[in-house]
Asks: 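I have a structure I would like to understand better, so I am pasting it below and will then ask my questions one at a time.
The first residue of the sequence shown is numbered 1, and numbering continues consecutively from there. The model shown is predicted, which means the values in this text are computed figures rather than measured ones.
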Amino acid sequence: MTLSDLIYGGLGVGALAAAVLPRVVFKRPFSMPMVFLAAGVLVYLLPVPLPAVDPIRDRLWVEHITEVCVIVSLMGAGLAINRPMGPRSWVGTWRLLGITMPLSIAVTAVLAWTLLDWPPAAALLLAAVLAPTDPVLAAEVRVGEPTDSEHDEDEVRFTLTSEAGLNDGLAFPFVMAALALAAAAGTGWSAGWIGEWVLADVLGRIAVGVLAGVVVGRLLGWMFFRARAQELRLSEHMEGFVALGATFLAYGVTELLHGYGFLAVFLTACTLRAAERSHGYHNVLHEFTEQIERLLTVVLLFLLGGFIATGGLAALSWQGAAVSLLLLLVVRPVTGWLGQLGFGAGPRERVVTAVFGLRGIGSLFYLAYAFGHHDFDGLAEQLWAAVAFTVLVSVILHGATATPVITRLDRLRREAGPGSPP
């Protein structure tokens, strides 16, 4: 038996389990990500010669596989959302992005700076990479399949999914701020980087991401649904892999233009959906992206479990664990609640939305990306341990509670009647 034989067998078992487990765990107080994370821990504890999982040594590999997983999940999320984007219809999302995310980053950075005694750049980096939310890791709190009705979404699932779709891209400026701060600190303290950061990394790259996403989405929408040549009207052929073409095209073009590709991919999906909102082709595209996303997530969580089992948390101090727990249990719920003050959703919906800010694959990507540009004073092991611990706790905590909480919220909503908050 060779290592390659073992890997092929494991991949086969994993792919079959990824198909079966969502139905097995449905309506139960645990999730598929919990199972594969635990499987990674258990398998790597066995006396089997498996390849070591080292995100520091294999940083480039980690960056690119997490990158693909994130952009595929963003395409799926954008295609699934039924509600048209607008200032009023997405007001809950705008509040979480404009109030909750900056507050959460600021408070987490201060906690890391004070409790861990890290340099400001490393503290900001930790806060920034933990900013993106990821409802993929708890299927109960994200929207389901595309439907014909723009009202066929409850406020919790819609807000959490749309927030995650946009904050994966909007966290990038804060990561860039951490990189700029680290570079400035290495040459003597200076605030001269702030102006360039605001103009280039905030305003410029966000504008390019938004524009590229909308333009690519409109072009693909015309091509899929309205092109005169039948060969170009891909909606008539119902091929799901086209979703990958749309994903990579939007991402690649935007990155070449020095914009935020994550933002562009989600907006491409939303724009593509708006081109012919009720067309059944969206279900085909969404189903394909969901399958690819599930496979990639399974692999990454299994490897994260292997990283944890082989000493990935050895560099985690109690202060680092405290920062992670405070983020998940205090900072996100409080800032999430503050961001929704005055919002029209019911109080229970606002609480659930505030609490279920899952951390996941996006955080792993951002950390790998950041270490490709700076070493952050040799804090790689501590940062990876803190981020891995945060994702571990989030997968367990939110995965175990999502089903009972959302099930109860759905029951209260049915009892309250249509149009009434639970």
Asks: Within 45° of the ring axis of F158 and under 6.0 Å from its six-membered ring centre, is that where the NZ or CZ of R83 lies?
Replies: yes

Asks: What is the minimum heavy-atom distance between F371 and A380, and which atoms define it?
Replies: CZ-CA, 3.3 Å

Asks: Give, for atom OG of S394 and atom CG of L328, the distance between the pair rounded to the nearest 0.5 Å.
Replies: 5.5 Å

Asks: Using 0.5 Å steps for rounding, measure from the CG atom of L300 to the CD1 atom of I361.
Replies: 5.0 Å

Asks: Say whether, by atom type as modelled, one donor and one acceptor occur between the side chain of T289 and the main chain of H286 under 3.5 angstrom.
Replies: yes

Asks: So do T66 and L364 actually touch side chain to side chain, heavy atoms under 4.5 Å?
Replies: yes

Asks: Is the closest side-chain heavy-atom distance between F224 and V242 below 4.5 Å?
Replies: yes

Asks: Describe, in one word, how the ring planes of Y369 and H373 are oriented to each other, choosing from parallel (under 30°), tilted (30 to 60°) and perpendicular (over 60°).
Replies: tilted

Asks: Report yes if the side chains of V284 and F241 come closer than 4.5 Å at any heavy-atom pair, otherwise no.
Replies: no

Asks: How close do A370 and V175 get, heavy atom to heavy atom, and via which atoms?
Replies: CB-CG1, 4.4 Å

Asks: Which label fits W384 and F307: parallel for a plane angle under 30°, tilted from 30 to 60°, or perpendicular past 60°?
Replies: perpendicular

Asks: Which heavy atom of L126 sits nearest to which heavy atom of A112, and what is that distance?
Replies: CD2-CB, 4.0 Å

Asks: With distance as the sole test, does H282 use its side chain to make a donor-acceptor pair with the main-chain N or O of E276 at under 3.5 Å?
Replies: yes

Asks: Checking S89 side chain against P84 main chain: does a donor-acceptor pair fall under 3.5 Å?
Replies: yes

Asks: Taking atom CZ of R226 as the centre, report whether more than 12 heavy atoms of other residues, nucleotides or ligands fall under 6.0 Å from it.
Replies: yes

Asks: Could you check whether any side-chain N or O of S104 sits under 3.5 Å from a backbone N or O of T100, counting only pairs where one atom can act as donor and the other as acceptor?
Replies: no

Asks: Test F172 against Y366 for ring pair (Phe, Tyr, Trp, His ring centres under 6.0 Å), laying out the working first.
Replies: CA-CA 8 Å; F172 230 126; Y366 276 123; 5.0 Å; yes

Asks: Pairs in or reaching into residues 54-84: which pass ring pair (Phe, Tyr, Trp, His ring centres under 6.0 Å), with residues at least two apart or in two chains?
Replies: none

Asks: Over all heavy atoms of both residues, which pair between A321 and L316 is shortest? Give the atoms and the distance, please.
Replies: N-CD1, 3.7 Å

Asks: Answer yes or no: is there a side-chain heavy-atom contact under 4.5 Å between L37 and F302?
Replies: no

Asks: With sequence neighbours left out, which residue pairs that include part of residues 158-169 fulfil the salt bridge (charged side-chain N to carboxylate O under 4.0 Å, His left out) condition?
Replies: E163-R332

Asks: With rounding to the nearest 0.5 angstrom, report the NE2 to CG distance, H374 to L379.
Replies: 11.0 Å

Asks: Tell me, with the steps shown, if W193 and L179 meet side chain to side chain contact (heavy atoms under 4.5 Å, CB included).
Replies: CA-CA 10 Å; W193 61 271; L179 289 169; over 6 Å; no

Asks: Using a 6.0 Å cut-off, check whether atom CZ of R233 has over 12 heavy atoms from anything other than its own residue.
Replies: yes

Asks: Is a donor on one side and an acceptor on the other found under 3.5 Å between the side chain of R59 and the backbone of A368?
Replies: yes

Asks: Do the side chains of L79 and L272 get nearer than 4.5 Å, heavy atoms only?
Replies: yes

Asks: I'd like to know whether CD of E196 has more than 12 heavy-atom contacts from other residues, nucleotides or ligands below 6.0 angstrom.
Replies: no

Asks: Counting only N and O atoms by type, is there a donor-acceptor contact under 3.5 Å from the side chain of S363 to the main-chain atoms of R359?
Replies: no

Asks: Which value, rounded to the nearest 0.5 Å, describes the distance between L392 atom CG and I308 atom CD1?
Replies: 4.5 Å

Asks: Take atom CH2 of W90 as the centre, draw a 6.0 Å sphere, and report whether it contains more than 12 heavy atoms from other residues, nucleotides or ligands.
Replies: yes

Asks: Between the side chain of W118 and the main-chain N/O of L124, is any donor-acceptor distance below 3.5 Å?
Replies: no

Asks: Could you tell me the separation between the CE atom of M34 and the CD1 atom of I396, rounded to the nearest 0.5 Å?
Replies: 6.0 Å

Asks: Does the side chain of V351 come within less than 4.5 Å of R348's, by heavy atoms?
Replies: no

Asks: For a side chain to side chain contact (heavy atoms under 4.5 Å, CB included) with T353, tell me which candidate from R95, Q340, R157 qualifies.
Replies: Q340

Asks: Run the numbers on F365 and I65 for side chain to side chain contact (heavy atoms under 4.5 Å, CB included), then give the verdict.
Replies: CA-CA 8 Å; F365 163 78; I65 192 171; over 6 Å; no

Asks: Does any non-hydrogen side-chain atom of M101 lie less than 4.5 Å from one of F174?
Replies: yes

Asks: Between H398 (side chain) and V355 (backbone), is there a donor-acceptor pair under 3.5 Å?
Replies: yes

Asks: How far apart are the closest heavy atoms of A385 and A315, and which atoms are they?
Replies: CB-C, 4.1 Å

Asks: Using the rule side chain to side chain contact (heavy atoms under 4.5 Å, CB included), only one of L244, L295, T297 pairs with V72; which is it?
Replies: L244

Asks: Which atoms form the tightest heavy-atom contact between G86 and W94, and what is the distance?
Replies: O-NE1, 3.1 Å

Asks: May I ask you to decide if R57's main-chain N or O and D54's side chain share a donor-acceptor pair within less than 3.5 Å?
Replies: yes

Asks: Determine whether more than 12 heavy atoms belonging to other residues, nucleotides or ligands lie under 6.0 Å from atom CD of E381.
Replies: no

Asks: Walk me through it: do V393 and S324 pass the test side chain to side chain contact (heavy atoms under 4.5 Å, CB included)?
Replies: CA-CA 8 Å; V393 173; S324 297; over 6 Å; no

Asks: Please tell me whether R277 and N82 have a donor and an acceptor in their side chains that are separated by less than 3.5 angstrom.
Replies: no

Asks: If you apply the rule ring pair (Phe, Tyr, Trp, His ring centres under 6.0 Å), what do you find for F266 with Y260, and how did you get there?
Replies: CA-CA 11 Å; F266 182 72; Y260 291 130; over 10 Å; no

Asks: T159 and E155: side-chain donor and acceptor closer than 3.5 Å?
Replies: yes

Asks: Hey, could you give me the CD1/OG1 distance between I105 and T335, rounded to the nearest 0.5 Å?
Replies: 10.0 Å

Asks: Please check: side-chain N/O of T271 versus main-chain N/O of G217, any donor-acceptor pairing under 3.5 Å?
Replies: no

Asks: Please step through side chain to side chain contact (heavy atoms under 4.5 Å, CB included) for the pair F343 and V91, ending with a clear verdict.
Replies: CA-CA 8 Å; F343 181 41; V91 64; 3.2 Å; yes

Asks: Do L329 and L397 come close enough that some side-chain heavy atom pair is under 4.5 Å?
Replies: yes

Asks: Assert yes or no for the condition that the ring centre distance of Y251 to F262 is strictly below 6.0 Å.
Replies: yes

